[in-house]
Amino acid sequence: MLTIQNASVSYNGIRALRGVTLSVAQGEIFALIGPNGAGKSTLLHAASGIVPLAEGEIRLEGETISGRPAHKVARAGLIQVPEGRRVIAPLTVAENLELGRQAAGIRGTSSADLDQVHALFPILAERRDQPAGLLSGGQQQMLAIGRALMGRPRVLLLDEPSLGLAPVIIREVFDALVRLNRDGLTILLVEQNAKLALETAHNAAILEQGRIVHKGAAAALAGDPVVADHYFGRAKADA
Amino acid sequence: MKALTLDNIARSFGGLPAVDGVSLQAPPGRITGLIGPNGAGKTTVVNLITGLLKVGGGRILVGDDDMTEADAPTLARAGVARTFQNIRLIGDATVLDNVVAGFHRHEKAGTLANMLGLPSAHHERREFERKAHALLDRFGMTALARHPAGSLSYGHQRRIEMMRALAMEPSVLLLDEPVAGMNDAEAYSLADIFRDVARQGVAILLIEHNMRFVMSLCEHIYVLAFGRLIAEGTPDEVAGNPRVIEAYLGS
Amino acid sequence: MLMQQLLNGVVVGSVYGLFALGFTLIFGVNHIMNMAHGTVFMWGAFAGLYAVMLFDVPFPVAVLIGALGGGTVSVVLDWVAFRPLRKRGAPEFSSIVSSIGASLILLSLAQQLTATRVMRFPFDIFPIVVFSFFGLRIQLLQLVIIGIVVLMVIGLLYYLYRTSFGRQIRSVAFSESTSKLLGINPFAINFQVFFISGALAGIAGVLIGIVFNSVHFMMGEPLLLRAFVVIILGGLGSIPGALIAGLLIGIIQTLTVAYLSAGLADAIVFSALFLVLLVRPTGLFGGTAAVARVTRR
Amino acid sequence: MIGFLNSYAPLLELALFNALLAFSQYVVLRAGVFSLGTAAFAALGAYAAAILATKLAMPTWLGLVAAFGIGTLAGALVAIPLARLRGVFQALATLALVQIVLSITLNWVDLTEGALGINSIPKTVGLVGMLVAVVVVGYFLAVIGSSSIGRAFDIIREDETVAVSLGISVPKHHMIAFILSGAIAGLAGGLHAYNSYSITPNEYGFNMLVIVLAMVVLGGRVSIWGPLVGAVILTVLPELLRGFQEYRMVVQGALLMVSIVFLPRGVADTALAALRRRRIATAKAKTGTVTA
Amino acid sequence: APSLAETARIGVMNALTGPYAFGGVPIQNGMKLALEQANSSGALGDLKLEVIEADSAGDKAQTITLVSKFAQSDNVLMILGPTTSLEATGGAPVANDQKVPLFAIGSSTAILDAGPYSYKVQQVGMDIMGHLSKYAAGKLGVKKVSLVFDRANDGFVGQKDAFKKLLIEQGVEIVSEEGILSSDTDFLALATKLASQDINAFFVAAPAEVGSNVLLQARQGGVPPEVLFLGPSTFGSESFITTAGTASEGAYVVADYFVGDPTPINQDFVKAYTEAYGASPDNWAAMGYALASLAVQAIKDAGPSPDRDKVKDALGKLRDQPTVLGTHVWTMDDKRNPNYGAAVITVKDGKFELAP
Ligand SMILES: Nc1ncnc2c1ncn2[C@@H]1O[C@H](COP(=O)(O)OP(=O)(O)OP(=O)(O)O)[C@@H](O)[C@H]1O
Ligand SMILES: Nc1ncnc2c1ncn2[C@@H]1O[C@H](COP(=O)(O)OP(=O)(O)OP(=O)(O)O)[C@@H](O)[C@H]1O
Ligand SMILES: [Mg+2]
Ligand SMILES: [Mg+2]
């Protein structure tokens, strides 16, 4: 579905991504984990066309999308929930969601998508007319996720969706992701909660200093003691 | 060393009571947790304490001083430091400069000395830079000192937020989701730093959704929902509280 | 005389409003103080004028060509002066310098073209019909101008608030990169914004050129200065605000000329602006959105 | 060489005058105050000096003190109400101030001679005087810039919420910026009056405001070299382009656009940043890559 | 080959760009014409004049730089121009410092105050306005007048002040004074105000293009033809009639130059100018031509191998020179104030003619 081949990115001559190759199959959840500054967000940005590739190629269903302008990539169905909840602060919650619909190029007033998002995050229905910038941090994160879903993605790129969400909400979001995935949505998930990510995903890769250092079935990675040591922290050891 | 005391503070936006009669204590040397569902009012509490928002009712005490009406700079000078949930750094400035900015409240050289470029002002700057480097070292970011803050990854930017707050050498430290965007291993390396800071007598109020982190770090936890306290106690007490489980943790 | 002067004020003021609308639109979307907006206005007037001089087109066509001309210049301006800056994530400030540079070029080219002459539409471009009632003199042209301005404003309001365009504009204004992630094409949005802005200025240019019988390369400067006042009084990015403030300034100005002295018009307009800002730091009609913008980055 | 210097002395003097104005503009921009009041403060200084010199035959030093004083005072006075405003609103309020001062100088004929301006002011300040002023002011600003006041300015400019959370008083620093801006521009106006034989109201209008702003943005608005470089470029450019005759303005406009497009942070700041990057790169090469 | 002494450099500068280019360009043309004629006619014997041109852009600062450059690096014998009083008051002190004769257009006496090296060709408003005020109060029987003037241009302000003083001396009532800007185009409010006033005439001191619009909008705004239009010499050009259209009919203008003037000196000038530049001269062109002709005369008077001081002295002695301006005699008083008379002309059937 989504294949990334030998992708490299540099900022002002400094390499952030060095020849990354991975592929996300149709209908799977693929988790990408790694320490801060590893290049996870950079990879998603490259896929979305926000930052240019220095080398390599990215394809969506066999078609090359690297080099295309970002809005076209989004309209092709590759939609990203960016890191750090980039809601359009001056627009209301409802308007933000409406904008999300844009990517799908849907006109008319079908409310099925909206109902689905409202069901997942009831607070967004309640705060329909509030400027998004005045939501709490977690509420903004919900809006960012909801907005992406409004665009009826075929591939959803999630950059740390659990960021700032209460545990109970995280669970709901991940349950929803699994449900959507069962209905055919392909997901590339960047997540710092490595345990949760590996539990949810089918396959996973670990990125360190711009390179993929491990790749494989999520369950296998979760069981790898080195990975556990690096990414689960002492909490696991304590428990 | 000063304790932070909130006495029945309230604040609403339009008709919405975002904080509704919250009282809590963050004594010196202790890491106090503040948790609660999204939109519970945690960040609003921080904004009220730091004077960015006007209090609608109740009292805020820092040590024995009533700071309810104080404006933000006054509170900062009184030793209240914070990090921002939505990262706010000077993106174009270097990491070092962002950290040095935190020392502002410790400047002794007066306006005139600064304007005239007296040596006292100069030495002060040196001293701040030395201390900032020590902080960078502690957070493992020495190599990034001269990078523009805006070009760093999310996790590194969070660390700069914390270093800047620590540079204020505060008596009260408010951390709004400091380890968001970090994996557990990374979070725990920061936990050690927070414990150190608390041990020196700083009152820390920690807001965080990473429950394992909160549980392992905090001695006392307050739980907020819909602007009201619904529970408080030791981590285990709180984690076992059915209201907390229902509203926040989920089953 | 009072009624007559009020009428004069309304006519001039509505054209100020039209000019300022385009200015405020770009300002609201891109946070650009487009110092070249006055030259866009001037080139719109030139386009209309040359169409009339070369092809002898009638009034409505001249207005249309003025709109096209202004729109085109404005879009080109965006491409050469502002887009490269946006791409580089340059601070908003640099767009001021860039637009100053652009206005120097546009001004100087116009000067070369006209050899600094003041030009004019032929006297018969619009028949001089004067209606008199209750001692009030009103020209047909003045009525037509008010009509055109009203139409343009209604059209713009519809486009902004009844289509998804306005939402997209505000989204692009807030964050271009996030908007792209949502499938919005910032290029297309900016194209439309600049075209509309320039077209409004171009129409204003033709109308002003005809009603005041003069088209020259410096004609934009006084309007630019007024436009600053209009956007502040009217509230940043507010369409109705710009119109109301435009009218207000037109009226203040004519009344100053009528009852005080022509030389004081600027002093009074700007003193009023200064005072308004002291009493209401966000302008007369500045809403909450404006407040958020001035108090936070 | 001497001949060259002599014939270009007026140009250099003008460049130095512009550099002072650019300093005045720079200091407010640095503090995040979008003031365009420099032209107004300069007009007040120039008129104070010119009136003292021609009507009361006061000595130059007194005129300069008066120019400096009236600029400072005006800066302090407008700072109080204007500190409440932000961004464009501040810009427009100060633009209004410029227009008001312009109207006064045009219409208060008894004092200012109206549009005729004040003529036959003795030329008592020459190249050296201007140079000393620029060096002193520049040094002073450099010191302030690298002091805690400069750092506070930087933080306020970028994010006021952060600034107040660090204990920085925004009104106090805006006040300092306004006063410095007024004082420098007032002094500049006074020096210009004693340097140019005559002053007229329209010199201190919209055009000055635009060009001074352009100088700072073109040169760069962070380091102290920015305004200097910008002032020199924009003063000398028209002279260099004389050869282009009628296309001079076109070329000047194009240069302005090209340089800001390629150096959006200004000539001086971009150059300094490049230097800094080089230093980082070498430092990085030594320490190796970074890990968290 | 001519030796160095046989070439004299003349610095010629005017506002060729900027808001005063409407005057500066024809002035520059007129000046060049006179200088070329001096070269080709051999009026200066062996001496050839080399013209060095520059654009002062209507800007005082640029003028100052240019005067200095002319004096120092170009080593000119004298400087002709600049265009406006604004520029000249900036340039004149520099010229005096550098001891190079500067012969400016502008009417302000401040140019002369700067020192003995600065001269000007235009007479002050007082002189020229005398003719118009006498004509208006006497022949036309005007009793109540409103004055409109370009308040940002000292030349026009000076004309207005002079006219006002002279009218008051003749018992005429000044009903109102209105300052406008040359960049203004909207005179509706002013027109309505004039229409509501009880006046016999209104006077406009402004550039022709702007003033024409004041007149036009005044007529459209309801000022009846019985209320006469009076204008200074700027209106003595064809562009006034084309701009104002039928509204110009019956206007009275005091002209320090009249292109239709039948005297041979003017006819020759008109012919030469039209041949050289493809357009008939206006009063600015005439002003430049007159100035440069006077300069040539002074250089001639300065004797063989003229230097700056000799030229300065020769300029100071110019009296009763033939000129295309006014009543064809240009002269100076001892304070170097020029005078050359003027005539009142009027528009009839779309053409200027001498007023009855
Ligand atoms: N705009 C930028 N300019 C320069 N360097 C950048 C930029 N954005 C990212 N980088 C650098 O690229 C590297 C990878 O950053 P990236 O944001 O992709 O990391 P990440 O894996 O998403 O980290 P985190 O978990 O902290 O979000 C980092 O070293 C960072 O400093
Ligand atoms: N300026 C404001 N205007 C209106 N409503 C606001 C404003 N700031 C916060 N709110 C609302 O107040 C409530 C509390 O917000 P707050 O940011 O304090 O929540 P929080 O506990 O920090 O949540 P999170 O964990 O998601 O960050 C939310 O419902 C939010 O939408
Ligand atoms: Mg990231
Ligand atoms: Mg929060």
Side-chain angles (χ1 to χ4, degrees), chain A residues 11-12 14 16 33-42 82-87 89 121 123 126-127 130 133-142 159-160 162-172 175 190-195 197 227-239, chain B residues 13-14 16 18 35-44 84-87 140-141 143-144 147-148 151-159 176-177 179-192 207-216 223 225 239 244-251:
Chain A
Y11 297 106
N12 300 321
I14 300 171
I33 57 180
N36 292 142
K40 305 179 296 294
S41 303
T42 302
E83 177 178 51
R85 34 185 175 249
R86 298 279 154 70
V87 297
F121 303 120
I123 188 78
E126 235 172 81
R127 296 291 169 81
Q130 183 173 335
L134 300 182
L135 293 178
S136 83
Q139 290 163 349
Q140 290 183 15
Q141 184 68 14
M142 297 177 208
D159 201 346
E160 306 194 13
S162 74
L163 191 84
L165 292 182
V168 58
I169 304 285
I170 294 179
R171 204 148 306 161
E172 279 174 29
D175 285 350
V190 168
E191 180 54 63
Q192 286 293 8
N193 190 336
K195 193 156 173 284
V227 173
D229 201 36
H230 269 74
Y231 295 101
F232 298 168
R234 266 167 283 162
K236 176 140 180 155
D238 294 349
Chain B
F13 298 111
L16 174 86
I35 62 172
N38 293 123
K42 305 178 294 296
T43 301
T44 306
F84 289 91
Q85 181 179 12
N86 282 339
I87 296 173
M141 287 184 56
L144 295 171
H147 282 251
S151 74
L152 297 189
S153 77
Y154 190 85
H156 287 139
Q157 297 197 16
R158 288 236 74 97
R159 288 180 175 80
D176 199 349
E177 300 192 14
V179 299
M182 296 186 196
N183 64 39
D184 285 349
E186 288 164 334
Y188 284 113
S189 66
L190 292 179
D192 294 338
I207 296 172
E208 188 48 67
H209 289 301
N210 183 335
M211 276 313 287
R212 274 167 300 174
F213 184 75
V214 173
M215 303 274 287
S216 70
V223 187
V244 177
I245 292 173
E246 189 207 2
Y248 184 60
L249 298 172
S251 44

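Reckoned from all heavy atoms, side chains included, excluding hydrogens, waters and symmetry mates. Naming convention: chains lettered A, B, ... in sequence-line order (proteins, then strands); numbering from 1 in each chain.
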Given a strict heavy-atom distance threshold of 4.5 Å, which part of B:Met211 is in contact with chain A: side chain, backbone, both, or neither?
side chain
Do the side chains of A:Glu126 and B:Leu16 get nearer than 4.5 Å, heavy atoms only?
no
Among A:Glu83, A:Met142, A:Gln141, which residue has the highest count of heavy-atom pairs closer than 4.5 Å to chain B?
A:Glu83
Top of A:Gly137, A:Gly164, A:Gly138 for chain B proximity - count of heavy-atom pairs under 4.5 angstrom
A:Gly164
Highest number of heavy-atom pairs under 4.5 Å with chain A among B:His209, B:Glu246, B:Glu177 belongs to B:His209
Which one wins on heavy-atom pair count under 4.5 Å against chain B: A:Thr42, A:Ile123, A:Leu165, A:Ile169?
A:Leu165
Non-hydrogen atoms of chain B under 4.5 Å away: do they reach the side chain of A:Gln139, the backbone, both or neither?
both
Interatomic spacing from CG in B:Asn86 to CZ in A:Arg86 - rounded to 0.5 Å
9.5 Å
Taking the side chain as C-beta and beyond, is there a heavy-atom pair between A:Asp159 and B:Tyr154 under 4.5 Å?
no
Results of side-chain contact (heavy atoms from CB on, under 4.5 Å) for A:Ala197 - residues two or more places apart only:
A:Ala31, A:Ile33, A:Leu189, A:Glu191
Largest heavy-atom contact set with chain A, pairs under 4.5 Å, which of B:Ala187, B:Gly181, B:Ala247
B:Gly181
Using a 4.5 Å cut-off on heavy atoms from C-beta on, say whether the side chain of B:Gln85 contacts that of A:Gln140.
no
Look only at the side chain of A:Asn36 and the backbone of B:His156, and say whether a donor-acceptor pair between them is shorter than 3.5 Å.
no
Just by modelled atom types, is the B:Asn183 backbone N or O under 3.5 Å from a matching donor or acceptor in the A:Gln192 side chain?
yes
For the CG atom of B:Asn210 and the CD1 atom of A:Ile170, what is their distance to the nearest 0.5 Å?
8.0 Å
Which heavy-atom pair separates A:Asn193 from B:Arg212 by the least distance, and what is that distance?
OD1-NH2, 3.8 Å
Looking only at heavy atoms, which two atoms of B:Ser153 and A:Gly37 are closest? And how far apart?
OG-N, 3.1 Å
Where on B:Ala40 is there a heavy atom nearer than 4.5 Å to chain A: the side chain, the backbone, both, or neither?
neither
